[in-house]
Amino acid sequence: MAKLIFGMNQSLDGYVDHLEMQTGPALFHHWIEHVRDLAGSVYGRRMYEIMRYWDEDDPEWDAERRDFAAAWRRQPKWVVSRSLKSVGPNATLVDDDLEAVIRGLKARLVGEIAVAGPDLAQSLTDLGLIDQYRLYLHPVVLGRGTPFFAGPRPPLRFVASDRVGEDVIRLTYGPA
């Protein structure tokens, strides 16, 4: 049975904004390995549209960016959206019965399934489907933006902490 994991880079004051936080070499390598090891990912529409950047090669990418793109393209993706009519390669559109689809994925797959996007994570939290939350804390205060938790914070229990690179601490929590 697969585990559903919601993890994102986050500022110290609780916001997620990939444009405002720098991903150093060690953290980027961590994300490459993380994506490479996933059984798949479930995306909300906005996060999926951001990540589609990796669908097409950019001649200016270095080897690490090409590695990340290859890992991202290889993994199966499920995109939760009522407004999208189609999705890109290796992706499946989920426009109905989110709970049944996710429960089916968890039962059928082995390993970890990433959840991408705070709003989607909130919906899955409300359904009791997220098995783990991973907060990648960056030493920056944004003061604004999209919060990691899109709604009321669920009761959590501490599982682990570890350092990723020089500046980032990953905190891992499970539902209490």
As a quick check of understanding, evaluate side chain to side chain contact (heavy atoms under 4.5 Å, CB included) for His30 and Arg170, giving each step before the final call. CA-CA 11 Å; His30 168 84; Arg170 178 177 60 184; 3.3 Å; yes
Leu137, Val159: one ILVMFWY side-chain cluster at the under-4.5 Å cut-off? no
When rounded to the nearest 0.5 Å, the distance separating CZ of Arg82 from NZ of Lys85 is 11.0 Å
Could you tell me whether Tyr15 and Phe148 have their ring centroids closer than 6.0 angstrom? no
Which label fits Trp31 and His34: parallel for a plane angle under 30°, tilted from 30 to 60°, or perpendicular past 60°? perpendicular
Does Ile130 belong to the same Ile/Leu/Val/Met/Phe/Trp/Tyr cluster as Val16, with side-chain heavy atoms less than 4.5 Å apart forming each link? yes
Under 3.5 Å donor-acceptor, Asp95 side chain and Ser81 backbone: no
Could you walk me through whether Leu124 and Phe6 pass the side chain to side chain contact (heavy atoms under 4.5 Å, CB included) check? CA-CA 10 Å; Leu124 296 170; Phe6 174 50; over 6 Å; no
Whether the side chain of Gln132 engages the backbone of Ile5 through a donor-acceptor N/O pair (distance < 3.5 Å, no angle test) should be reported. no
Is the shortest distance from a Lys or Arg side-chain nitrogen in Lys106 or Asp131 to a carboxylate oxygen in the other one below 4.0 Å? yes
Please lay out, stage by stage, how Val168 and Arg163 fare under the test side chain to side chain contact (heavy atoms under 4.5 Å, CB included). CA-CA 6 Å; Val168 175; Arg163 193 174 186 155; over 6 Å; no
Nearest-0.5 Å distance, CG of residue Leu129 to CG of residue Leu98: 7.5 Å
Do Leu84 and Tyr53 share a hydrophobic cluster (ILVMFWY, side-chain heavy atoms under 4.5 Å, transitive)? yes
Which heavy atom of Trp78 sits nearest to which heavy atom of Arg108, and what is that distance? CZ2-NH2, 4.0 Å
For Asp13 against Gly143, the heavy-atom pair lying closest together: OD2-N, 2.6 Å
Can you list the residues that meet the side-chain hydrogen bond (donor to acceptor under 3.5 Å, both in side chains) rule with Asp67, with sequence neighbours excluded? none
How long is the span from the CD1 atom in Ile102 to the OG atom in Ser123, to the nearest 0.5 Å? 10.5 Å
For the pair Trp72 and Tyr43, name the ring-plane relationship: parallel under 30°, tilted 30 to 60°, perpendicular over 60°. perpendicular
Which distance, rounded to the nearest 0.5 Å, do you find between the CG of Leu38 and the CD of Gln75? 5.5 Å
Answer with yes or no whether the hydrophobic clustering places Val79 together with Val35; edges join I, L, V, M, F, W, Y residues whose side-chain heavy atoms lie under 4.5 Å apart. yes
Does CZ belonging to Arg153 count more than 12 external heavy atoms closer than 6.0 Å? no
Which donor-acceptor pairs under 3.5 Å do side chains of residues 110-121 form with protein atoms, sequence neighbours excluded?
from   : atom 1 : to     : atom 2 : distance (Å)
Glu112 : OE1    : Arg134 : NH1    : 3.2
Glu112 : OE2    : Arg134 : NH2    : 2.7
Asp119 : OD2    : Arg46  : NH2    : 2.2

Test of understanding: clusters of I, L, V, M, F, W, Y form through side-chain heavy atoms closer than 4.5 Å, transitively. Do Leu12 and Met21 belong to the same one? no
Gap separating the CZ atom of Arg45 from the CG atom of Leu93, nearest 0.5 angstrom: 12.0 Å
Validation row, ring centre Trp54 to ring centre Tyr48 under 6.0 Å: no
Is a salt bridge present between Glu49 and Arg52, judged by a nitrogen-to-oxygen distance below 4.0 Å? no
What's the separation between atom NE2 in His138 and atom CG in Asp17, rounded to the nearest 0.5 Å? 11.0 Å
Using 30° and 60° as the class limits, which term best fits the ring planes of Tyr133 and Phe149: parallel, tilted or perpendicular? tilted
Contact between Pro147 and Gln10 at the side-chain level, heavy atoms closer than 4.5 Å - yes or no? no
Minimum heavy-atom distance between Leu105 and Ala2, given as atom pair plus value: O-CB, 4.3 Å
With side chain to side chain contact (heavy atoms under 4.5 Å, CB included) as the test, would you mind laying out the steps for Ser11 and Val140 before giving the verdict? CA-CA 5 Å; Ser11 66; Val140 62; 4.0 Å; yes
Using a 6.0 Å cut-off, check whether atom CD of Gln22 has over 12 heavy atoms from anything other than its own residue. no
Testing Asp55, Asp57, Asn90 one by one against Arg73 for a side-chain hydrogen bond (donor to acceptor under 3.5 Å, both in side chains), which residue passes? Asp57
Show every ring-ring contact (aromatic ring centres under 6.0 Å, His included) that has at least one partner inside residues 153-176, sequence neighbours left out. Phe158-Tyr173
